[in-house]
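Please read all numbers here as calculations on a predicted model, not as lab measurements.
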Amino acid sequence: MFQVTREIRFCYGHRLLNYEGKCRHLHGHNGRAVITLESAQLDALGMVVDFSTIKRVVSAWIDTNLDHRMLLHKDDPALGFLKAQGEPLWIMDVNPTAENIAKLIFDFTASQGFPVVEVKLWETDDSFAVYRRGEK
């Protein structure tokens, strides 16, 4: 198997509902999405996928939809106020944990036809969550 990995850095804010720790408050992160693609075969150029293609598609989506946005649960009571202020938001059906954000990025990448096998989301310099393709 061949693998390639692209790292995409972005800034986001969030908070966790029904959580007792510090993350129950609105706060931000300098995140790093580390996206790994895998294939048994290389294309005609000898690549799994060109790094620039990953950047053009996935990085552009992250820049447009997640970068410098508050990622919040659809039931977050702060949504009304933040919307009224014109704040950039990404609303999720699940708590915006690092695990769920990793899955969000994985699902988008897969939906674009990339052979993604794993997304790591580094929330801080020493903490990350992983979502990977399950066994077939």
Side-chain angles (χ1 to χ4, degrees):
M1 285 294 187
F2 298 95
Q3 288 188 339
V4 295
T5 299
R6 176 81 192 207
E7 182 174 304
I8 300 168
R9 295 173 184 263
F10 65 106
C11 300
Y12 67 97
H14 72 154
R15 76 166 169 184
L16 304 181
L17 294 184
N18 305 312
Y19 183 77
E20 294 302 317
K22 290 193 281 187
C23 292
R24 72 181 180 271
H25 303 292
L26 295 171
H27 64 283
H29 293 284
N30 294 315
R32 293 180 3 238
V34 180
I35 302 164
T36 301
L37 311 179
E38 181 178 275
S39 178
Q41 304 292 326
L42 299 178
D43 67 13
L45 296 172
M47 300 178 186
V48 173
V49 173
D50 190 330
F51 291 117
S52 65
T53 303
I54 302 166
K55 179 180 180 181
R56 180 175 42 81
V57 176
V58 182
S59 185
W61 181 82
I62 288 172
D63 286 348
T64 300
N65 295 287
L66 304 180
D67 188 44
H68 284 84
R69 291 183 180 266
M70 291 299 296
L71 284 56
L72 297 173
H73 187 279
K74 64 182 179 181
D75 296 332
D76 194 304
L79 277 176
F81 175 78
L82 293 172
K83 283 180 182 177
Q85 301 304 307
E87 291 295 326
L89 304 168
W90 181 268
I91 300 168
M92 300 178 67
D93 290 333
V94 294
N95 229 2
T97 61
E99 294 87 343
N100 284 325
I101 298 167
K103 183 179 186 309
L104 174 68
I105 295 168
F106 182 102
D107 290 346
F108 172 78
T109 304
S111 78
Q112 299 305 297
F114 291 102
V116 59
V117 293
E118 179 179 278
V119 171
K120 286 182 182 173
L121 180 72
W122 286 86
E123 191 170 80
T124 65
D125 286 341
D126 54 8
S127 299
F128 66 88
V130 177
Y131 185 84
R132 68 175 53 100
R133 180 180 67 204
E135 295 298 317
K136 292 183 181 180

Quiz item: Would you find more than 12 non-hydrogen atoms of other residues, nucleotides or ligands less than 6.0 Å from Asp43 atom CG?
Solution: yes
A side-chain contact here means heavy atoms from C-beta on lying under 4.5 Å apart; do [X] and [Y] qualify?
X: Phe114; Y: Ile35; value: no
X: Leu17; Y: Pro77; value: yes
X: Phe128; Y: Val130; value: yes
X: Leu66; Y: Ile105; value: yes
X: His68; Y: Cys11; value: yes
X: Phe81; Y: Glu87; value: no
X: Arg6; Y: Val58; value: no
X: Thr124; Y: His29; value: yes

Quiz prompt | Working for side-chain contact (heavy atoms from CB on, under 4.5 Å), residues Leu42 and Val48 | solution = CA-CA 5 Å; Leu42 299 178; Val48 173; 3.9 Å; yes
Has the side chain of [X] got a donor or acceptor atom that lies under 3.5 Å from a matching backbone atom of [Y]?
X: Asp50; Y: Ser52; value: yes
X: Asn100; Y: Asn95; value: yes
X: Ser127; Y: Glu123; value: no

To the nearest 0.5 Å, what is the distance between [atom1] on [X] and [atom2] on [Y]?
X: His14; Y: Asp76; atom1: NE2; atom2: CG; result: 11.5 Å
X: Leu79; Y: Lys74; atom1: CG; atom2: NZ; result: 11.5 Å
X: Asp63; Y: Trp61; atom1: CG; atom2: CH2; result: 11.0 Å
X: Thr109; Y: Tyr131; atom1: OG1; atom2: OH; result: 12.0 Å
X: Ile91; Y: Lys83; atom1: CD1; atom2: NZ; result: 4.0 Å
X: Met92; Y: Thr97; atom1: CE; atom2: OG1; result: 7.0 Å

Shortest non-hydrogen contact between [X] and [Y], atoms and distance:
X: Arg32; Y: Asp125; answer: NH1-OD1, 4.3 Å
X: Pro96; Y: Ile101; answer: O-CD1, 3.6 Å
X: Met70; Y: His27; answer: CE-O, 4.5 Å

Quiz item: Do Phe108 and Val34 belong to the same hydrophobic cluster, where Ile, Leu, Val, Met, Phe, Trp and Tyr are linked whenever their side-chain heavy atoms lie under 4.5 Å apart, directly or via other members?
Solution: no
Exercise. Decide whether Tyr12 and Ile62 are clustered together by the hydrophobic rule: side chain heavy atoms of Ile, Leu, Val, Met, Phe, Trp, Tyr closer than 4.5 Å, transitively.
Key: yes
Exercise. Starting from the C-alpha separation in whole Å, work towards a yes-or-no answer on side-chain contact (heavy atoms from CB on, under 4.5 Å) for Arg15 and Leu72.
Key: CA-CA 7 Å; Arg15 76 166 169 184; Leu72 297 173; 4.1 Å; yes
Self-check item: Pair Glu38-Arg133, side-chain contact (heavy atoms from CB on, under 4.5 Å): steps then yes or no
Solution: CA-CA 11 Å; Glu38 181 178 275; Arg133 180 180 67 204; 3.7 Å; yes
Exercise. Check salt bridge (Lys or Arg N to Asp or Glu O under 4.0 Å) between Arg9 and all other residues, then give those that pass, not counting sequence neighbours.
Key: Glu7
